Visitor: 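Mind looking over this structure? Questions follow.
Excluded from the calculations below are hydrogen atoms, water molecules and symmetry mates; all remaining heavy atoms, backbone and side chain alike, are included. Only a predicted model underlies this, so the values are computations on that prediction, with no experimental measurement involved.
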Amino acid sequence: MTMELTGEQLKMTETHLERYLPRSQQVYGCLVLSNRVRSDPVRVLVDRWPEFNVLVCKSQYGQKSDLFKEIIVFAKDESILEETMRTSSVIDWTQYLSLGINLRHMEIVKAVASEKGVSSRKLAVCHLMILEDVSNLPSIDSSGISLSSLDESHVGLVNQTWKFGKNEDAVKMIWNMLANFPSCCVLDAEGKPASWILTYASCAMGILYTLPEHRGKGYAKVLISAMAKRLHTEGYPVYGCVEEENEVSHRLFKSMGFVEDPSYREAWFEFNDC
């Protein structure tokens, strides 16, 4: 049996999830943003209240092709996680799913998907890099660098340069990020974005990118530092998800004072009805 949280319950749950950081980081970040920012609607489901074992943050699908409408799951009890994954009111296995969860739980989810006749594919396995104290940021010289925020007019630019972009579904996701969540960019001499970083709906920093002609100037460090300070000032958690194979970004975040639990990985898988 599951229930959907509303109003004051969502605010209480945000506080409750702080006990389980960093493993609850993704769902915690999702609640922090949804409790403060008006954006695409998110449903939050739990197995029971107030002491839940499984929490599911579920973006609402406008149509079946909303590929970037993800589901983020936090679980304290794997047997209840398995039961929850089988509940049709929580997971609709007949439609495309993008699901983020602790890598340790993925075999359970994949087993349930197999029972439902659904195929799975790994999208990414990530380091969860967290800045525990903003004072840990190194001193960064940003003199002569012009910083600004991105807006909806930059959706096409971000979409064309993002690894998972270049399609209409990514456009919707990026538009939502730029319209509702913090972003930061370095402007070139003509006032156009040369390098940028965005915030996902889970509050994670991401889509960090520098145009090839502007690389080697230290813009990524400036952006991470500026965004981290802004998120901290506005009361948001400060963290990023870095794909395991992206060693350059992993080293970069470590050099900026971000730390991780080495035993923890966040995983994203997609599921398709066969």
Visitor: Within the 4.5 Å heavy-atom criterion, are Val56 and Val73 side-chain neighbours or not?
Guide: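 Yes, their side chains come closer than 4.5 Å.
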Visitor: So, Ser34 and Arg43: side-chain donor and acceptor under 3.5 Å apart, yes or no?
Guide: no
Visitor: Measure the shortest side-chain to side-chain distance between Pro22 and Tyr264 over non-hydrogen atoms and say whether it is less than 4.5 angstrom.
Guide: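 Side-chain contact under 4.5 Å: no.
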Visitor: Which of parallel (below 30°), tilted (30 to 60°) and perpendicular (above 60°) describes Trp162 and Tyr200?
Guide: tilted
Visitor: Using the salt bridge (Lys or Arg N to Asp or Glu O under 4.0 Å) rule, collect all pairs that involve residues 94-117, keeping only residues at least two apart or in two chains.
Guide: Arg86-Glu115, Glu107-Lys110
Visitor: Flag the pair Arg36 and Glu234 as a salt bridge only when some basic side-chain nitrogen lies within less than 4.0 angstrom of an acidic carboxylate oxygen.
Guide: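 Salt bridge absent between Arg36 and Glu234.
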Visitor: Any link between Val171 and Leu150 through a network of hydrophobic side chains (Ile, Leu, Val, Met, Phe, Trp, Tyr) touching at under 4.5 Å?
Guide: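 Linked within one cluster.
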Visitor: Under a 4.0 Å N-O cut-off, is there an ion pair linking Glu260 with Arg265?
Guide: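 Looking at Glu260 and Arg265, the cut-off is met.
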Visitor: Do Leu147 and Leu223 have side chains that get closer than 4.5 Å, going by heavy atoms?
Guide: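 Sidechains of Leu223 and Leu147: in contact.
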Visitor: Kindly indicate, with the supporting measurements, whether the criterion side chain to side chain contact (heavy atoms under 4.5 Å, CB included) is fulfilled by Phe258 and Val242.
Guide: CA-CA 11 Å; Phe258 287 71; Val242 179; over 6 Å; no
Visitor: Please confirm whether the backbone N or O of Val54 pairs with a side-chain atom of Asp47, one donor and one acceptor, at under 3.5 Å?
Guide: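 Side chain of Asp47 to backbone of Val54: a pair is present.
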Visitor: Looking at Ser59 and Glu70, would you say the former's side chain and the latter's main chain have a donor-acceptor pair under 3.5 Å?
Guide: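 Between the backbone of Glu70 and the side chain of Ser59 there is a qualifying donor-acceptor contact (under 3.5 Å).
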Visitor: Taking the side chain as everything from C-beta on, heavy atoms only, tell me whether Leu208 gets closer than 4.5 Å to Leu252.
Guide: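 Yes; the side chains approach each other to less than 4.5 Å.
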Visitor: For His16, what residues pass the ring pair (Phe, Tyr, Trp, His ring centres under 6.0 Å) criterion, not counting sequence neighbours?
Guide: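 Partners of His16 by the ring pair (Phe, Tyr, Trp, His ring centres under 6.0 Å) criterion, ordered by chain and then number, come out as Tyr20, Phe52.
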